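Structure first, commentary second.
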Amino acid sequence: MTPTEINCAEACKNGCVLGDRCPNQEYRNQASQFIETTSLDKMLEMAEEALRRKAMEPPKWVFPEDGIGPDVD
């Protein structure tokens, strides 16, 4: 398997399958450093703030590509 043939979101759910050939190695190192240097309390605080901001956003409406048809009784 080559780095261009793999979908990391699917294949690496239980850990990286490419090891040193991982195209996302930079992000893996950043994530490891974040985990090592950030307390669990700080991570939970960040998650709560993200949820609070998400709850404050106005709703996002999604319409079908073909538009909305007339109501037919």
Side-chain angles (χ1 to χ4, degrees):
M1 224 178 305
T2 65
T4 57
E5 296 174 344
I6 192 167
N7 178 354
C8 291
E10 291 293 322
C12 302
K13 284 184 180 178
N14 295 321
C16 183
V17 296
L18 294 175
D20 292 337
R21 298 181 308 151
C22 177
N24 300 310
Q25 196 164 15
E26 172 190 348
Y27 304 111
R28 184 174 60 187
N29 293 339
Q30 287 177 358
S32 293
Q33 184 178 16
F34 175 79
I35 290 168
E36 288 178 21
T37 60
T38 308
S39 71
L40 182 57
D41 289 335
K42 180 65 176 171
M43 287 185 212
L44 291 171
E45 182 182 312
M46 293 167 73
E48 287 173 1
E49 179 61 28
L51 284 173
R52 193 175 9 253
R53 276 186 277 145
K54 181 86 172 161
M56 299 296 284
E57 290 180 0
K60 295 180 179 147
W61 298 92
V62 179
F63 295 103
E65 289 182 19
D66 298 336
I68 300 174
D71 289 338
V72 178
D73 292 322

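Note that the structure is a prediction, hence the values are computed from the model and not measured. What you see below is based on every heavy atom in this structure, not just the backbone, and it leaves out hydrogens, waters and symmetry mates.
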Cluster companions of L40 among Ile, Leu, Val, Met, Phe, Trp, Tyr (side-chain spacing under 4.5 Å): L44
Flag side-chain contact, heavy atom, 4.5 Å: N29 against Q33: no
Minimum heavy-atom distance G19-R28, with the two atoms named: O-NH2, 3.4 Å
E49/R53 under salt bridge (charged side-chain N to carboxylate O under 4.0 Å, His left out): CA gap, chis, key distance, verdict: CA-CA 6 Å; E49 179 61 28; R53 276 186 277 145; 3.7 Å; yes
Within-4.5 Å side-chain heavy-atom neighbours: C12 and L18: no
